[in-house]
Amino acid sequence: MAEAHQAVGFRPSLTSDGAEADLSASALQDIYLSGLRSWKRHLSRFWNDFLTGVFPASPLSWLFLFSAIQLAWFLQLDPSLGLTEKIKELLPDWGGQHHRLRGVLAAALFASCLWGALIFTLHVALRLLLSYHGWLLEPHGAMSSPTKTWLALVRIFSGRHPMLFSYQRSLPRQPVPSVQDTVRKYLESVRPVLSDEDFDWTAGLAQEFLRLQASLLQWYLQLKSWWASNYVSDWWEEFVYLRSRNSLMVNSNYYMMDFLYVTPTPVQAARAGNAVHALLLYRHRLNRQEILPTLLMGMRPLCSAQYEKIFNTTRVPGTQKEPIQSHQLEAPPSWSWYDKSFTLIVFSNGKLGLSVEHSWADCPVSGHMWEFTLATECFQLGYSVDGHCKGHPEPSLPRPQRLHWDLPDKVHLSIALALRAAKTLSGDTDCHVFPFSHFGKSFIKRCHLSSDSFIQVALQLAHFRDRGHFCLTYESAMTRLFLEGRTETVRSCTREACNFVRAMEDREKTDSQCLSLFRLAVDKHQALLKAAMSGQGVDRHLFALHIVSQLLHLQAPFLDQVHSEQWQLATSQIPVQQTHLFDVHNYPDYVSSGGGFGPVDDHGYGVSYIFMGDDTVTFHISSKKSSTKTDSHRLGQHIEDALLDVASLFQEGQRLKRGCRGRGEEDAGNRRGSLPGH
């Protein structure tokens with residue numbers, strides 16, 4: 001998403017005010033501080049850690065165990081095999097009248113030790129189980145016997161009624177991939193977009209890196225992975241986001257949109273009131289950990305750490321970069337619509353929007369909150385016939401008053417400059433949002449393919465028709481299978497995808513040949529996505545290696561080359577996580593339309609998409625109006641045509657495309673001639 005823009009060309013050797021940093025402190029010190037921050041976070045949420053630390057047991061389970069031991073003693077049985085008597089001997093002798101009290105205390109201590117040992121065993125077992133990722137690497141729609149056994153064991157050890165942070169202590173740490181594998185995967189990813197000469201030069205830099213610097217940098221990362229909660233996430237937050245000198249608007253922040261087709265009320269104040277009410281209800285549930293943890297396959301928990309920063313969080317402008325404090329993100333000076341964790345925007349016609357600051361969390365977390373907000377303010381709180389909030393006003397409350405700010409003259413000047421810059425950025429952004437309603441995930445599932453991979457390969461075809469060449473493509477994938485995991489990059493422009501695109505543009509290729517190449521491209525994308533999710537991606541590992549090289553003042557031309565690349569196509573899928581909140585059958589218009597982000601490159605595109613129900617995909621496309629090479633509406637048309645052309649490779653898809661023949665597209669020359677008149 002917007003992170004791709006921040007990750008390009010960052011300079012970790014700069015301080016927050018732009019001056020060259022004094023990095024005389026060793027990399028070991030920085031790694032030590034990373035671990036220290038991890039432990040401080042644990043101490044700051046002691047009560048949550050207590051509740052989640054005993055999960056999948058519960059505090060009541062201790063009382064049950066203690067009662068069982070007392071009952072055994074009453075029946076003259078000793079389940080401790082003499083340990084309780086040994087503990088009693090070690091306790092102070094308070095006299096004969098307290099003999100019974102010593103026995104109770106000894107039993108309580110034995111119960112506590114046994115209870116702690118059982119909890120520790122459950123934690124270790126669950127962490128080992130959650131470290132298994134074989135289920136990710138299996139073919140789409142298939143499940144082997146080992147995976148079925150694994151799922152059953154996870155169900156047994158996961159306990160009942162988990163709270164939001166219940167699984168945090170059981171999540172495995174993100175592994176550091178093999179540096180040889182990472183370099184090999186990187187070279188494979190850039191081969192389709194480089195000339196032979198450029199590729200040979202890059203491969204030479206890679207071999208030099210493996211020979212001279214890789215082993216030392218990898219050692220430091222391994223050390224950090226053992227000490228800190230995550231070997232990359234805190235550096236990603238600091239160097240990619242908090243030290244960035246770019247404007248947050250367009251370049252970093254992303255947006256979430258309202259219902260696409262309807263507005264529950266045209267009354268601005270009523271919509272604002274219900275939205276704020278819904279957000280506070282969400283905050284209440286968050287504070288009480290009543291939000292269920294996200295589970296993949298209904299079983300594999302994801303990290304919930306990012307939820308802690310939804311509320312009470314902001315970037316704090318400063319001339320020096322300081323350690324992150326509780327519920328505050330220290331950052332360089334900022335002039336904006338945009339330091340807070342999120343900003344609710346209510347338009348005069350009643351439409352809602354959300355601007356989200358990117359450093360504290362990624363889209364699935366803010367999207368979860370937004371889904372709850374839209375569903376609650378519309379369906380649960382609701383509006384009266386005249387569009388106002390339901391209920392009766394409280395007459396004793398004072399009427400709201402507009403705040404008037406007393407600002408110094410130089411602040412007025414700064415505001416004027418910021419407003420001018422914001423208008424320039426906004427005016428140069430070409431944003432196109434459109435629903436693709438010819439088919440959706442239900443059709444793709446009937447083709448026995450991954451919905452995301454289907455779209456990603458189709459995007460390669462659309463972009464090639466738009467620009468006439470292939471480019472590095474960024475797709476954001478989550479790594480929240482691991483403790484404090486954030487994202488990884490899927491490099492979607494693969495050799496297999498390029499072969500498919502070339503075949504689609506070759507009139508001599510048959511539909512059967514194109515379909516075969518399409519399936520290969522989808523399978524390759526699925527393999528890359530699963531590798532990224534399981535911590536075996538390319539970009540975060542190379543990023544962390546680059547940070548260590550900067551801390552050590554070690555020149556690594558290969559890493560410099562990697563982080564100078566431009567992503568001309570940045571993509572992301574907005575997940576729908578709470579389908580039970582929306583009734584798409586009875587109220588098909590009341591579905592979330594997702595969100596989007598600004599273009600990563602001045603001559604590139606930002607594309608996000610969300611599957612709305614079973615038969616619609618909504619796309620958000622952004623580009624720069626100042627670029628003569630891009631046009632968001634033009635790419636949107638290419639995306640629609642590409643999806644229909646890909647669908648026509650399947651027998652059912654031919655009927656879909658035939659139904660679109662009367663749409664009046666004049667630009668049919670770029671599409672395959674499988675149908676009469678095309």
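No hydrogens, no waters, no symmetry mates; every other heavy atom, side chains included, goes into these values.
For Arg271 and Glu377, the salt-bridge test passes: some basic side-chain N is under 4.0 Å from an acidic carboxylate O. The pair Arg480-Glu488 fails the salt-bridge criterion, with no side-chain N (NZ, NE, NH1 or NH2) lying under 4.0 Å from an Asp/Glu carboxylate O. Salt-bridge annotation for Lys625 and Asp430: absent, with no side-chain N of the basic residue lying under 4.0 Å from a carboxylate O of the acidic one.
Contact annotation: the side chain of Phe611 approaches that of Ile455 to within less than 4.5 Å [non-hydrogen atoms, C-beta and beyond]. Taking 4.5 Å as the limit, every side-chain heavy atom of Ile574 sits out of range of all side-chain heavy atoms of Thr618. Counting heavy atoms from C-beta on, the side chains of Gln174 and Leu483 never come closer than 4.5 Å. Thr376 has its side chain within reach of Leu281: a pair of non-hydrogen atoms, C-beta onward, lies under 4.5 Å apart.
Judged purely by atom type and a 3.5 angstrom limit, Thr265 uses its side chain to pair as donor or acceptor with the backbone of Val267. Side chain of Gln289 to backbone of Met163: no donor-acceptor contact under 3.5 angstrom is found. Thr313 places a side-chain N or O within 3.5 Å of a backbone atom of Lys309 that can act as its donor or acceptor partner. Between the Lys224 side chain and the Tyr231 main chain, a donor and an acceptor come within less than 3.5 Å of each other. Without hydrogens or angle criteria, Gln578 side chain to His368 main chain gives a donor-acceptor distance under 3.5 Å.
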Step-by-step ring pair (Phe, Tyr, Trp, His ring centres under 6.0 Å) determination, His284 to Tyr282: CA-CA 5 Å; His284 179 72; Tyr282 188 87; over 10 Å; no
Audit row: Ser341, Arg315, side-chain hydrogen bond (donor to acceptor under 3.5 Å, both in side chains) steps and yes/no: CA-CA 8 Å; Ser341 55; Arg315 293 170 64 123; over 6 Å; no
Pair His525-Glu475, side-chain hydrogen bond (donor to acceptor under 3.5 Å, both in side chains): steps then yes or no: CA-CA 10 Å; His525 179 268; Glu475 182 190 6; 2.6 Å; yes
Ring pair (Phe, Tyr, Trp, His ring centres under 6.0 Å) between Tyr261 and Tyr590, intermediate numbers included: CA-CA 7 Å; Tyr261 299 108; Tyr590 288 84; over 10 Å; no
Steps toward salt bridge (Lys or Arg N to Asp or Glu O under 4.0 Å) verdict (Glu237, Arg243): CA-CA 9 Å; Glu237 180 182 275; Arg243 288 180 181 255; over 6 Å; no
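Aromatic ring centres of His620 and Tyr255 lie closer together than 6.0 Å. Aromatic ring centroids of Phe543 and Trp236 lie under 6.0 Å apart. A centroid separation of 6.0 Å or more is found between the aromatic rings of Phe436 and Tyr609.
Using a 3.5 Å distance cut-off with no hydrogens or angles, the side chains of Asp428 and Ser626 do pair a donor with an acceptor. Side chain to side chain, Thr571 and Gln456 meet the donor-acceptor criterion of an N or O pair below 3.5 Å. Between the side chains of Ser229 and Arg173, no donor N or O sits under 3.5 Å from an acceptor N or O. Side chains of Ser632 and Ser623: a donor on one and an acceptor on the other come within 3.5 Å.
A cation-pi arrangement, defined by a distance under 6.0 Å to the six-membered ring centre and an angle within 45 degrees of its axis, is absent between Lys340 and Trp360.
More than 12 heavy atoms of other residues, nucleotides or ligands sit less than 6.0 Å from atom CG of Asp589.
Ring-plane geometry between His432 and His633 is classed as parallel, the angle between the planes falling under 30 degrees on a 0 to 90 degree scale with a further cut at 60.
Atom SG in Cys471 sits 9.0 Å away from atom CG in Asp601 (nearest 0.5 Å). Here the CZ-OG distance, from Phe619 to Ser593, works out to 13.5 Å after rounding to the nearest 0.5 Å. The CG atom of Asp602 sits 4.0 Å away from atom NZ of Lys624, with the distance rounded to the nearest 0.5 Å. Distance OG/Ser252 to OH/Tyr338: 11.5 Å, rounded to 0.5 Å.
With Tyr605 as the partner, the side-chain hydrogen bond (donor to acceptor under 3.5 Å, both in side chains) test is satisfied by one option alone out of Thr473, Asp466, Asp631: Asp466.
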